[in-house]
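Computed over heavy atoms, backbone and side chain alike; hydrogens, waters and symmetry mates excluded. Numbers here simply count residues along the sequence, with the first being 1. Everything quoted here is computed from the prediction, not taken from an experiment.
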Amino acid sequence: NKVYWAVTDETPILGDFIEFAKDGVDAVAFDTTWYDGSKNYTLYDASDLYGFAKLSKDKSEDFYEETIKLGADITIPNDGEAEDWEDNAPTFSWQSICPSTGFQGTFDGQGHVINGIYLNNTASGSNGLFGITGTNAKVHNFSLKDSYFYSSQAIIGSIVGTARGAFDSIYSSAIVKTSGIQIGGII
């Protein structure tokens with residue numbers, strides 16, 4: 001697989017990526033080729049993770065009765081440390097997985113780590129690695145490190161903004177801030 005990174009106006013980007021970037025998000029190029037209808041999927045890199053978020057947003061996919069696993073530690077290539085990102089935003093921004101439909105599948109991190117997520121949202125809604133999880137969601141067995149989440153108006157947590165479902169064996173050292181009304185460290 002080829003991976004393209006959106007860095008400057010001169011950087012080559014895939015056509016579908018242009019649509020994702022129009023939302024005002026500097027984003028890692030995404031890959032959705034792993035989503036083949038098999039109901040069991042494994043994400044290996046940042047482009048797969050961004051593809052997961054894109055599918056949930058563009059196709060209103062909730063992943064009901066589907067399993068998404070991490071097959072490796074995933075690092076978003078943001079410069080610096082999360083504690084510096086409030087004043088110096090990194091290059092790549094994040095949009096939550098299932099920000100409106102609610103994730104209804106299983107997300108199994110298989111003990112892996114996600115590093116470098118940066119979310120700075122001024123719109124209302126639920127935000128985190130996942131925006132919303134539904135009653136059928138199972139989210140477990142991973143760590144979220146060196147990440148930063150901020151929302152001025154919304155519900156926010158590092159793993160999920162609005163949580164339903166089952167959660168276990170999750171560690172987060174992410175920074176979570178809001179000037180809004182609801183905040184949680186993990187959910």
Side-chain angles (χ1 to χ4, degrees), residues 1 3 16 20 23 25 27-76 92-119 121 125-149 151 154-176 182-187:
N1 287 342
V3 177
D16 283 342
F20 194 56
D23 294 331
V25 175
V28 172
F30 59 87
D31 181 358
T32 58
T33 59
W34 54 266
Y35 192 66
D36 61 7
S38 67
K39 300 250 183 220
N40 291 293
Y41 313 100
T42 303
L43 310 179
Y44 292 99
D45 57 30
S47 63
D48 289 346
L49 189 64
Y50 272 74
F52 183 24
K54 180 175 177 25
L55 285 168
S56 74
K57 180 180 179 292
D58 289 356
K59 298 186 184 298
S60 297
E61 180 61 59
D62 67 3
F63 303 94
Y64 179 72
E65 294 185 347
E66 295 181 308
T67 298
I68 290 79
K69 296 179 181 178
L70 294 181
D73 292 348
I74 295 178
T75 298
I76 310 305
F92 303 107
S93 295
W94 178 251
Q95 288 187 335
S96 300
I97 298 162
C98 294
S100 57
T101 58
F103 178 74
Q104 294 284 0
T106 297
F107 182 81
D108 180 358
Q110 300 193 110
H112 290 292
V113 178
I114 299 172
N115 292 290
I117 298 283
Y118 172 77
L119 184 143
N121 191 346
S126 295
N127 295 285
L129 179 64
F130 293 85
I132 300 170
T133 55
T135 55
N136 295 307
K138 295 177 182 99
V139 179
H140 59 98
N141 200 18
F142 70 101
S143 297
L144 180 63
K145 297 180 179 178
D146 197 30
S147 296
Y148 177 92
F149 296 85
S151 179
I155 301 164
I156 191 163
S158 65
I159 304 302
V160 63
T162 300
R164 294 175 191 88
F167 299 84
D168 67 80
S169 302
I170 299 170
Y171 170 82
S172 175
S173 62
I175 297 166
V176 183
Q182 296 178 351
I183 185 172
I186 291 180
I187 56 178

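Outside the 6.0 Å centre-distance limit, the rings of Phe63 and Phe107 are not counted as a close aromatic pair.
Looking at Ile156, Ile117, Leu119, Leu129 one by one, the single match for side chain to side chain contact (heavy atoms under 4.5 Å, CB included) with Ser96 turns out to be Leu119. Test Phe30, Tyr118, Tyr50 against Trp94 for ring-ring contact (aromatic ring centres under 6.0 Å, His included) and you get one pass: Tyr50.
Counting heavy atoms from C-beta outward, Asn127 and Phe149 have side chains that stay 4.5 Å or more apart. Side-chain contact check for Phe52 versus Trp34: some heavy-atom pair is nearer than 4.5 Å. You'll find the side chain of Tyr171 stays beyond 4.5 Å of the side chain of Val113, heavy atoms only. Contact of the Val160 side chain with the Phe103 side chain is not registered, since no non-hydrogen atoms from C-beta on lie closer than 4.5 Å.
For Ser56 (side chain) and Ala53 (main-chain N/O), a donor-acceptor pair under 3.5 Å exists by modelled atom type. Between the Ser126 side chain and the Gly161 main chain, no donor and acceptor come within less than 3.5 Å of each other. In this structure a side-chain-to-backbone donor-acceptor pair under 3.5 Å is missing from Thr42 to Lys69.
The CG atom of Leu70 sits 9.0 Å away from the CG atom of Asn141 when rounded to the nearest 0.5 Å. Here NE2 of His112 is found 15.0 Å from CG of Leu144. Values are rounded to the nearest 0.5 Å. Atom CZ of residue Phe167 and atom NE2 of residue His140 lie 11.0 Å apart, to the nearest 0.5 angstrom. Atoms CD1 and OG1, on Ile155 and Thr162 in that order, are 4.0 Å from each other to the nearest 0.5 Å. Distance check: Asp146 CG to Ser173 OG gives 7.5 Å after rounding to the nearest 0.5 Å. Put simply, CD1 on Ile97 and OG1 on Thr133 are 11.0 Å apart, with the number rounded to the nearest 0.5 Å.
When all heavy atoms of Glu66 and Tyr41 are compared, the closest pair comes out as OE2-OH, 3.1 Å. In plain terms, the two heavy atoms of Ile186 and Ser172 that are nearest each other are CG1-CB, 4.1 Å. Minimum heavy-atom separation, Ser147 to Asn115: OG-C, 4.1 Å. Residue Arg164 comes nearest to Ile132 through the heavy atom pair NH1-CG2, 4.1 Å, listed as atom of the first residue, atom of the second, then distance. Between Lys39 and Glu65, the shortest heavy-atom distance links the atoms CD-O, 3.7 Å. The shortest heavy-atom contact between Gln104 and Thr135 is OE1-N, 3.6 Å.
Side-chain N/O atoms of Asp45 and Ser47 include a donor and acceptor closer than 3.5 Å.
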How far apart are the C-alpha atoms of Asp108 and Thr106, what are their side-chain angles, what is the distance that settles it, and do they pass the side-chain hydrogen bond (donor to acceptor under 3.5 Å, both in side chains) test?
CA-CA 6 Å; Asp108 180 358; Thr106 297; over 6 Å; no
